[in-house]
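Below is one structure; the comments refer to it alone.
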Amino acid sequence: MVVRPYTEELKYMEKISDCCWRIKKGFQPHMNVEGCFYVNSRLERLMLEELKNSCRPGAVGGFLPGVKQIANVAALPGIVGRSIGLPDIHSGYGFAIGNMAAFDMDDPKSIISPGGVGFDINCGVRLLRTNLYEDDVQPVKERLAQSLFDHIPVGVGSKGIIPMNARDLEEALEMGMDWSLREGYVWAEDKEHCEEYGRMLNADPSKVSLRAKKRGLPQLGTLGAGNHYAEIQVVDEIFDKWSAGKMGIEETGQICVMIHSGSRGFGHQVATDALVQMEKAMKRDKIETNDRQLACARINSPEGQDYLKAMAAAANFAWVNRSSMTFLTRQAFAKQFDTTPDDLDMHVIYDVSHNIAKIENHMVDGKEKKLLVHRKGSTRAFPPHHPMIPVDYQLTGQPVLVGGTMGTCSYVLTGTEKGMFETFGSTCHGAGRALSRAKSRRNLDYKDVLQKLESVGIAIRVASPKLVMEEAPESYKDVTDVVDTCHAAGISKKCMKLRPIAVIKG
């Protein structure tokens, strides 16, 4: 691969607004559409610095910067609109994390790519509200954090405590949250406040390998490690009082619980299995990509359809997983406050996915088209009156849950009409890494990170203290910059800000 000078690369890029850059065709070979990315001035410096570093001598063979990954996705067959980078974008496998792209279902050349979904299929965020306030929780914060840590299995290789045999798993993969409802782990209204109502109907467990099922069986109802967490949070600021009220948030100081997790080893194995099959399909169908990691298959090929059905099963696994942890969270709170979850008003505000591919209808060049929308490190953000969002949120737009990094704030946004046209109803998902995991381990000391959290009044429980270095706030972009950029661009709207007072990590 020839490395172009940085000044040459910049010729293919143009700033088209205060918070959006355009990537012209020719930036990477064979681009079918243009690319774009959303940034404010601080995030812009990070993006351009990353690109500049990749242009230095000796950079060949290293990681691809996010800008180039956006452009490589723009070269995939069947893509429509633009290849879009959200403000939390950073380098990932094939697609950058924070890159979304849509493919025309009526184009026989259109593809599906596991790299556009990610290995942690349906990694997502769930937010529960309570009728408790910070004054209620502060005196028992440490005990409550310990209770949550005791109830929810966390860490690498953690095993679930929800009773589950092979037959149960098959049913959970097919039924998603309907299985959780039948087994008594969720409330009926939980489903109403979940993307896809907690069940992808095209899931087919027969398309999932035995190895994936063996990995998933003991892990249901577990948090895992990495950037996954359960946090007790306080509503710190309300930007849109009316929309917050529709979510059951009346004033600042109210306590919420945020759960961030996905499909664990199950989803990872589904992705790994699919990539092997897709490499064979690419040879057979003569599909060429700019990057080997963008392995893909025609949507309507046997491999493409098998992956869609297995991916849907993994998505259902993740919803059952978050539902199981919701059950355990409710138990922990009820035990601590000697009451029932119902009396604590522990309702699900919403549950969103940020690693998934879904068939949706969108307007393209003035015509409605059926598209396969890949969102990797990107959250669906549908506007008011959209038929795919719950009745409760028809007037506000879909709630969007944006998780912060350990010890920093998180946000709730709502979807907008502008986002529907500009980004196929998509927005950011979190802070986005600024340092690699390896660099974080080299640069930070886990004791310093833990002390810093304690000094700002955050109770923390971790299964592996050394993993904390990888997840320290310094390893990430500023989530407020990310959210402010999306708000300024109009692709989503700020509703409220949450700050953590207790963090449970793997």
Side-chain angles (χ1 to χ4, degrees), residues 1 30 61 63-64 69 72-73 75-79 91-97 99-101 103 105 108-123 156-157 166 169-170 172-174 200 202-219 224 226 262-318 321 353 355-359 372-377:
M1 187 192 292
H30 318 301
F63 76 97
L64 273 178
Q69 289 194 302
N72 282 341
V73 168
L76 290 172
I79 188 170
S91 186
Y93 184 93
F95 279 59
I97 297 158
N99 188 185
M100 67 75 48
F103 297 83
M105 292 288 291
K109 290 182 180 175
S110 284
I111 58 88
I112 181 165
S113 173
V117 171
F119 283 92
D120 192 1
I121 296 166
N122 190 7
C123 185
V156 178
L169 180 64
E170 293 285 325
L173 295 180
E174 186 176 337
M200 290 192 82
N202 61 325
D204 184 349
S206 73
K207 301 301 181 186
V208 176
S209 70
L210 186 60
R211 188 171 182 194
K213 289 172 184 174
K214 280 183 174 174
R215 286 185 72 179
L217 184 58
Q219 292 186 331
S263 50
R264 306 286 277 111
F266 181 89
H268 197 285
Q269 193 62 49
V270 166
T272 303
D273 293 341
L275 286 166
V276 172
Q277 295 307 312
M278 290 193 177
E279 286 197 4
K280 295 174 188 171
M282 286 176 73
K283 285 177 187 169
R284 183 193 66 217
D285 296 337
K286 298 181 173 56
I287 302 171
E288 293 188 5
T289 61
N290 288 345
D291 180 0
R292 273 196 66 215
Q293 292 184 356
L294 289 169
C296 56
R298 308 273 185 227
I299 295 171
N300 292 317
S301 69
E303 295 83 2
Q305 287 299 302
D306 284 354
Y307 173 67
L308 267 176
K309 291 168 185 173
M311 182 208 69
N316 288 347
F317 181 100
N321 193 35
S353 167
N355 274 6
I356 207 158
K358 292 200 299 195
I359 297 167
L372 182 65
V373 182
H374 292 62
R375 293 190 182 95
K376 179 182 181 180

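For reference, positions follow the sequence shown, starting with 1. Just so it is clear, the structure is predicted and the values come from calculations on it, not from any experiment.
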Practice problem: Look at the side chain of Lys309 and the backbone N and O of Ser206, then say whether any donor-acceptor pair between them is shorter than 3.5 Å. | Solution: no
Output for pair (Asp273 CG, His268 NE2), nearest 0.5 Å, gives 11.0 Å
Heavy-atom closest pair (Asp291 atom, Asn72 atom, distance to 0.1 Å) is CB-ND2, 4.1 Å
Shortest non-hydrogen pair, Ser110 vs Gly78, comes out as OG-CA, 3.2 Å
dist Phe95:CZ -> Met100:CE (nearest 0.5 Å) comes out at 9.0 Å
So CG of Leu169 and CZ of Phe266: to nearest 0.5 Å the spacing works out to 6.0 Å
Closest heavy-atom pair, Ala297 versus Ala281, reported as atoms and distance to 0.1 Å, is CB-CB, 4.1 Å
Within the distance-only criterion (no hydrogens, no angle test), does the side chain of Ser263 pair as donor or acceptor with the backbone N or O of Phe317 below 3.5 angstrom?
no
Sequence neighbours excluded, the answer for side chain to side chain contact (heavy atoms under 4.5 Å, CB included) partners of Pro77 is Lys109, Ile111, Ile287, Arg298
Here the gap from Ile356 atom CD1 to Met200 atom CE, rounded to the nearest 0.5 Å, amounts to 4.5 Å
* With side chain to side chain contact (heavy atoms under 4.5 Å, CB included) as the test, would you mind laying out the steps for Lys213 and Glu170 before giving the verdict? => CA-CA 9 Å; Lys213 289 172 184 174; Glu170 293 285 325; 2.7 Å; yes
Output yes when a side-chain donor or acceptor of Glu303 lies under 3.5 Å from a complementary backbone atom of Ala274, and no otherwise.
no
### Contact check, side chains of Met105 and Ile359, non-hydrogen atoms, under 4.5 Å
yes
- Query: Would you say the side-chain atoms of Asn321 pair up with the backbone N or O of Gly262, donor to acceptor, closer than 3.5 Å?
  - Reply: yes
- Residue Arg284 excluded, over 12 heavy atoms near CZ under 6.0 Å: yes
In this structure, CD1 of Ile112 is separated from CG of Leu372 (nearest 0.5 Å) by 4.5 Å
Open item on the list: So does Asn316 get a backbone contact from the side chain of Asn122, meaning a donor-acceptor N/O pair under 3.5 Å?
Closed with: no
Scanning both residues in full, the closest heavy-atom pair of Gln305 with Ile299 reads NE2-O, 2.9 Å
Heavy-atom nearest pair, Leu294 first then Thr289, reads O-CG2, 3.7 Å
To the nearest 0.5 Å, atom CE of Met278 lies from atom OG of Ser301 at 6.5 Å
Residues passing the side chain to side chain contact (heavy atoms under 4.5 Å, CB included) test with Asn355, sequence neighbours excluded, are Asp120, Cys123, Lys376
Shortest non-hydrogen pair, Gln269 vs Ser209, comes out as CG-OG, 4.2 Å
>> Using 30° and 60° as the class boundaries, would you call the ring planes of Phe103 and His374 parallel, tilted or perpendicular?
In response: perpendicular
